[in-house]
There are 2 protein chains.
Amino acid sequence: AARTVDASKIYGSGDTEVRALDGLSIDLISGEFTAIMGPSGSGKSTLMHCLAGLDDLTSGQAFIGDTDIGQLSDRDLTLLRRDRIGFVFQAYNLIPTLSAEENIVLPQQLGGTSPDSSWLRQVIEAVGLEDRLKHRPSELSGGQQQRVAVARALGGQPEIIFADEPTGNLDSKTGGEILEFMQNAVRDLGQTIVMVTHDPSAAAHADRVVFLADGVIVHEIKTPSS
Amino acid sequence: AARTVDASKIYGSGDTEVRALDGLSIDLISGEFTAIMGPSGSGKSTLMHCLAGLDDLTSGQAFIGDTDIGQLSDRDLTLLRRDRIGFVFQAYNLIPTLSAEENIVLPQQLGGTSPDSSWLRQVIEAVGLEDRLKHRPSELSGGQQQRVAVARALGGQPEIIFADEPTGNLDSKTGGEILEFMQNAVRDLGQTIVMVTHDPSAAAHADRVVFLADGVIVHEIKTPSS
Ligand SMILES: Nc1ncnc2c1ncn2[C@@H]1O[C@H](COP(=O)(O)OP(=O)(O)OP(=O)(O)O)[C@@H](O)[C@H]1O
Ligand SMILES: Nc1ncnc2c1ncn2[C@@H]1O[C@H](COP(=O)(O)OP(=O)(O)OP(=O)(O)O)[C@@H](O)[C@H]1O
Ligand SMILES: [Mg+2]
Ligand SMILES: [Mg+2]
């Protein structure tokens, strides 16, 4: 569903050079739920942003399906992200002037499609936001904002969902319900989910766990649930 | 060090009323490390903000030491927060145009005091930010930003530190080092730390864990480390 080939992302140069990604190759298989773990600063968010076309690589390539996203025009890249990719940002990136509900359906609104309303209701129920839909982000708790971001990424049933620490601000019960919902999405809808997490019990919901350090993959395991 | 007496915080009214705090009384003892846990939306951040004078109560009182903070002028409240309280926000609230280092010493700069440089070096080392000090928040990973927020709260050696999920975006090794540092601060400097967390292994570093649900305390335990 997505992969990188020898991807490097380098900030600065000389003494202040930071190799956020350092020749990293990863293959994310369609219909699989992959967890990405690693120390703070090891390149996890950078990898996710480069795979989703939110950032460009210094060298190497990133593919969504067979499309080399480094070759796309800005317009085509924007369309690809809006229609085929769901992204849960580490900092949520919600629109402050829109309600939770409006934030959730924004990608479809922009795309001129209408969301599958029965699916949307399932998503909203799974993240437990039924009675917060009319509130704006500033009127929501940290974990509620995180759940709006998760619902927004899942609502349009995109091919691939990139989730950057989607349960970091949630208690284990709420987080567990969301992870189970994502596990089922992978099985029932054949979606591909790539999730960065620092929580081993969250990673246990994935089929495979990939470990990063200093911008490269250092280890990989298949989980019992695969 | 701090306490609330029958504190209530109510948003909205009638059908849309949300009782974020519902007659909550809590006593935070000087020199203790208290963890606050509970489901997403249960009132943890609201309690912290009201205790630190960042938000006012609908009814009831909040005290820092013997000072009823509901009675302070805006000016005195600002001074109290700047000089006696350290706050790690759930969303960090870093200044985007300042470097990590400048963000960390900002409270002292505003107060016209100079930070204890040997203490500051210990804090920066404990959070592992020695080689990221000159970078601005947008050039830092999520966990690095969180660590800047933690360092900023600890740097001025305030009487009380309120930390709202300070390790949510950190791998267990980095998070563990910060929690140990905070545990030692409580023992060596007699500081008071109040930490919201969703992570039971983080809460295990505290002397006492208080559990919230629906704006009230529902349970409390002393931990083995007390
Ligand atoms: N301005 C507001 N208007 C209406 N409701 C609000 C407002 N601010 C907060 N709330 C509600 O108050 C409740 C408590 O919020 P709070 O931020 O204290 O929760 P929390 O325990 O910190 O949750 P989390 O673990 O998700 O961070 C939530 O249901 C939230 O939606
Ligand atoms: N614009 C930039 N300039 C310089 N360095 C940067 C920039 N953006 C990111 N970095 C660095 O790249 C490295 C990787 O960052 P990344 O956000 O991918 O880490 P991460 O694994 O997601 O960490 P975390 O778990 O803390 O979120 C970090 O050391 C970070 O400081
Ligand atoms: Mg990150
Ligand atoms: Mg909160």
Side-chain angles (χ1 to χ4, degrees), chain A residues 11-12 15-18 20 37-49 89-92 94 127-129 131-135 137-147 164-165 167-178 196-203 211-213 215, chain B residues 11-12 15-18 20 37-49 89-92 94 127-129 131-135 137-147 164-165 167-178 196-203 211-213 215:
Chain A
Y11 296 104
D15 281 354
T16 64
E17 183 181 85
V18 176
M37 303 188 75
S40 173
S42 54
K44 307 179 298 297
S45 296
T46 304
L47 173 60
M48 300 268 281
H49 283 242
F89 292 89
Q90 196 166 358
Y92 320 151
L94 302 181
V127 299
L129 283 175
D131 54 352
R132 310 304 296 157
L133 291 177
K134 303 283 185 254
H135 288 83
S138 63
E139 301 170 320
L140 298 175
S141 76
Q144 289 164 346
Q145 293 173 25
Q146 186 160 42
R147 288 183 262 157
D164 201 345
E165 305 196 33
T167 59
N169 271 302
L170 300 174
D171 53 280
S172 49
K173 175 161 177 293
T174 313
E177 288 163 2
I178 289 180
V196 168
T197 184
H198 281 303
D199 180 358
S201 55
F211 295 84
L212 260 60
Chain B
Y11 296 104
D15 281 354
T16 63
E17 182 180 86
V18 176
M37 302 187 77
S40 172
S42 55
K44 306 180 297 298
S45 296
T46 304
L47 173 60
M48 301 268 281
H49 282 243
F89 292 89
Q90 195 166 359
Y92 321 151
L94 303 180
V127 299
L129 282 174
D131 54 352
R132 310 302 297 155
L133 291 177
K134 301 285 183 253
H135 289 82
S138 62
E139 299 169 324
L140 298 175
S141 78
Q144 288 164 346
Q145 294 172 25
Q146 185 159 44
R147 287 183 265 158
D164 202 342
E165 305 199 31
T167 60
N169 271 302
L170 300 173
D171 54 278
S172 50
K173 176 160 175 293
T174 313
E177 288 162 3
I178 289 178
V196 168
T197 184
H198 281 304
D199 180 359
S201 55
F211 296 83
L212 260 62

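Letters A, B, ... are given to chains in the order of the sequence lines, protein chains preceding strands, and every chain is numbered from 1. Please read all numbers here as calculations on a predicted model, not as lab measurements.
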Does the side chain of B/V18 reach to within under 4.5 Å of the side chain of A/R132, using non-hydrogen atoms? yes

Flag side-chain contact, heavy atom, 4.5 Å: B/Q144 against A/S40: yes

For B/V196, which atoms come within 4.5 Å of any heavy atom of chain A: side chain, backbone, both, or neither? neither

Report the option among A/L140, A/D171, A/T46 that has the most heavy-atom pairs separated by less than 4.5 Å from atoms of chain B. A/D171

Ranked by heavy-atom pairs below 4.5 Å to chain B, first place among A/P39, A/G175, A/G12, A/S172 goes to A/P39

Quick check for you: to the nearest 0.5 Å, what is the distance between A/D131 atom CG and B/T16 atom OG1? 11.5 Å

Would you compute the distance between atom CG of A/N169 and atom NE2 of B/H198 and round it to the nearest 0.5 angstrom? 6.0 Å

